[in-house]
Amino acid sequence: MASNKVLMVAEKPSIAFSIANVLSSGQMSTRKASTDVHEFEGTFHGFHVQFKVTSVIGHVFSLDFPETYQNWTVTDPLDLFQAPVRKAEANPKAHIRRHLSQEARGFGNLVLWLDCDREGENICFEVIDCIGHTNETKRKIYRARFSSVTEKDILKAMDNLVEPNKDEALAVDARQEIDLKVGVAFTRFQTSFFQGKYGNLDARVISYGPCQTPTLGFCVQRYLQINTFKPEKFWSVRPYILQSGYELQLDWERNKLFDVDVAVMFQKLVMEDGIAEVTEISEKQESKGRPSGLNTVNLLKIASSALGFGPQMAMQVAERLYTQGFVSYPRTESTAYPSSFDFRGTLGAQVNNPVWGSYVQRLLTDGYQKPRSGTDAGDHPPVTPLRSATEDMLGNDAWRLYEYVCKHFIGTVSPDCKYVRTKAEFSIGGEFFHCVGQRVLVKGFTSIMPWLAVNEKNLPQFTKGEKIEVGRVDLHEGMTSPPEYLSESELISLMEKNGIGTDASISVHINNICERNYVQVQAGRKLVPTALGITLIRGYQCIDPDLCLPDIRSFIEQQITLVAKGQADHFCVVQHVLQQFRQKYSYFVKQIENMDALFEAQFSPLADSGRVLSKCGKCLRYMKHISTQPSRLYCNTCEEVYYLPQNGTIKLYKELTCPLDNFELLICSMPGPDGKSFSLCPYCYNSPPFEGIDTLFGAAKSGSSGKLGKGAGMPCFLCPHPTCRHSLISQGVCACPECSGTLVLDPVSAPKWRLCCNMCNFLVLLPQGAHQISTTPERCPECDSTIIEVDFNKKTTPLEDGATLYTGCILCDELLHSLVEMKYGKSFFRGSRGRGRGSRRGRGRGRGTGKMVDPKMSFRDF
DNA sequence: GCAAGGTC
């Protein structure tokens, strides 16, 4: 009975385990599959049922364009805004879809335990999609709502199952489609535009995204502030008094003045008086609050500013600590602990720690504090330690992060820091001054987090009305200074404040702008924008500043929130937002010259970049190799760019030329000790795969032995690139008349039947319009070349004399020669580009002497 | 080759 079976799906394996563990009281059996499956029996809605708990691993699907929109050269990015989109498995190797559909078989109830946020709601519907929910299956679908994976919350959620929220899921669908279309359209356009013009951009891709671009915007904004900063001199009056044997500098109420004459006047007034009268003494008890729970953003900020870890690395370390069971889940927005949080147990786990064990023991004996309230984002509890560890167990980096997590947690349950702040105020010559002292009463949490300690400063005793002689009066001259480059930690705060990215993705965006060569991380984890980063942002600022402002993200968020709340239709919102971005895109394209002017001033044109490397097959002039990213060749004459494999060292390959297009071959050596080398033709490498080749091979394969085209589908002997047209060259069919090599049919050239030698690149063009060409065992008595049989199908290519079948030597047969001339008025027997020994027919020796064959030319061009 | 969002 399907109704007696309940399948539950969580967002990740660890949550599935916790849920199963709680609901089965540890009495479950676990089976390995794509993700673990836990089985047990229990009661559901008052009935005895069989439970099965498994999980996905985050999103099952991700959104992309169909194959036809994947080609950058064929698709106009503008069309992407209206293009269809499809969902494909995000990680096909994990086989999550198959796993879910298999496990759901025969199960009449589904309980969704995905995280309780919009993304989780969206994954709910991905799961429903996978298990095949139709009217026939009649499955009952429930949503569990829980705020933490604790026994209390899990049991409460089981008793209060609801329905999944379609609107929230649709809001995520909307965001996915908008992000994809906007990001990909802008990225493709600006990448193609600028890479097609400049040689030293040093970026494989010039990406745009509604999160990464505003993130870069923050860094560049600070750079511009620094760059346009005008330092100003300022002055302040600094009187010194002698009290109880201490020399004390007093702070001026006016702080500083920017007019030296006025400052000098005040200095004189103060000097002339020479007596400081104590006008007021105040003493106030102040408190420095203990921290609230640690969330991801604060963890990343501390990791960057105090430990020197970049966000990417900090997350990696935190994840490892999490999977090893030392800390709780590290991706959370919440700074508030759930009400059920076991503080005593968490502290208890640390009492034997050699570093802070005794402090924790004292807290447990004297009583720990309830943490400050903080904010509960309803996702996961703050990051807390689980098991005690030592530096030896974790290694230095992990230890330092773990140490922080522990000390922070202990800090949250320690007393506040209490101190007394004393302020003495003075009057000298009608001007007011003060000095401040601080005395700590209770160290509280600052004894475990000493870097947050209150600075103690003793102040001598003063009495109100007391008159003290002023020792000297300095006029301090200072200079205003620009802010520093944006620190990573400041950037994280700005991103959080402006809603750019999430706890899980903030580190990814920062890493992105580094990897794209828009910013560089310098000493002290300061983010310094590169010329490329600066030029991009300045470009957006002069065409359409919206493109790099954080509002672009909040606009999208606000629009999809309408969908999430059921206030607007998903389709309408997506169309509306895309329509706006499409207009922005069109305007951007139209105005790109304004941005280009900035690029022109900063970067070198392709023609001035790179080093001469190999010959172009079209103009036979040397092309330049541009080795900065993306690695490519540029032909100055043809104004064409040929992309090369990235990450490899490129050299000329024995001055060989490609038999298909006459481009000089290159050899690419991949880095590393196991790096392989392979040869490639720059033209073939950049050509799309030949269309219609399947039919051609179909015909060739069906023929009897000896037919040209036999052995089709052999791997390329020149390079392993999957789209290289060399891979379409079939196995050898006859001996090369020029060398000891074999002539192979090059079906790519169809309808230009031709043969080329696999060794010397000798090329023979065969009669066009032939229906079928086959080799014969016969040899030509004149030149010993292979005799072939040419079948002109009457229907397709009727010849004047009505004959359809001819035989002849591939090299010297007059019959074929005249036959073709008769039909087309020109000879088709043209050897070309023979290397090494020259042709028997008296063609010039050496390379490049034959007539060029452009693979793009049609037969009629001959 | 491209976005941002989950998680590993």
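Note on naming: letters A, B, ... go to the chains in the order of the sequence lines (proteins, then strands), and numbering restarts at 1 for each one. What you see is a predicted model; the values in this text were computed from it and never measured.
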Sugar-phosphate, base or nothing in reach of A/G120, heavy atoms under 4.0 Å: nothing
Qualifying side-chain hydrogen bond (donor to acceptor under 3.5 Å, both in side chains) pairs with a residue from residues 550-560 of chain A, counting only residues at least two apart or across chains: A/D179-A/R553
Partners meeting salt bridge (Lys or Arg N to Asp or Glu O under 4.0 Å) with A/K197 (sequence neighbours left out): A/D596
Sugar-phosphate, base or nothing in reach of A/Q629, heavy atoms under 4.0 Å: nothing
Parallel, tilted or perpendicular, as decided by the 30° and 60° cut-offs, for the rings of A/F189 and A/Y585: perpendicular
Sugar-phosphate only, base, or nothing, as touched by A/D115 at under 4.0 Å among non-hydrogen atoms: sugar-phosphate
Flag, side chain of A/Q176 to backbone of A/S62, donor-acceptor distance under 3.5 Å: no
Pairs meeting criterion salt bridge (charged side-chain N to carboxylate O under 4.0 Å, His left out) with involvement of residues 55-79 of chain A, two or more places apart: none
Sugar-phosphate only, base, or nothing, as touched by A/R320 at under 4.0 Å among non-hydrogen atoms: nothing
Residue list, salt bridge (Lys or Arg N to Asp or Glu O under 4.0 Å) with A/D202, at least two apart or on another chain: none
Sugar-phosphate, base or nothing in reach of A/L63, heavy atoms under 4.0 Å: base
Test salt bridge (Lys or Arg N to Asp or Glu O under 4.0 Å) applied to A/E333 - qualifying residues, sequence neighbours left out: none
A/V205 vs A/T323, nearer the 5' end of DNA chain B by closest nucleotide: A/V205
Touch class at under 4.0 angstrom, heavy-atom based, for A/P13 against every strand present: sugar-phosphate
Sugar-phosphate, base or nothing in reach of A/P210, heavy atoms under 4.0 Å: sugar-phosphate
Touch class at under 4.0 angstrom, heavy-atom based, for A/R632 against every strand present: nothing
Any residue meeting side-chain hydrogen bond (donor to acceptor under 3.5 Å, both in side chains) with A/R118, in chain and number order, not counting sequence neighbours: A/T561
Sugar-phosphate only, base, or nothing, as touched by A/T191 at under 4.0 Å among non-hydrogen atoms: base
Upstream residue (5' side of DNA chain B) when A/K12 and A/T213 are each assigned their closest nucleotide: A/T213
Selection: residues 172-186 of chain A, any non-hydrogen atom under 4.0 Å of DNA chain B: A/R175, A/Q176, A/D179, A/L180, A/G183, A/V184
Sugar-phosphate, base or nothing in reach of A/Y69, heavy atoms under 4.0 Å: nothing
Touch class at under 4.0 angstrom, heavy-atom based, for A/Q70 against every strand present: base
Sugar-phosphate only, base, or nothing, as touched by A/D64 at under 4.0 Å among non-hydrogen atoms: base
Test salt bridge (Lys or Arg N to Asp or Glu O under 4.0 Å) applied to A/D36 - qualifying residues, sequence neighbours left out: A/K32
Nucleotide range of DNA chain B lying under 4.0 Å from chain A heavy atoms: B/dG1 to B/dC8
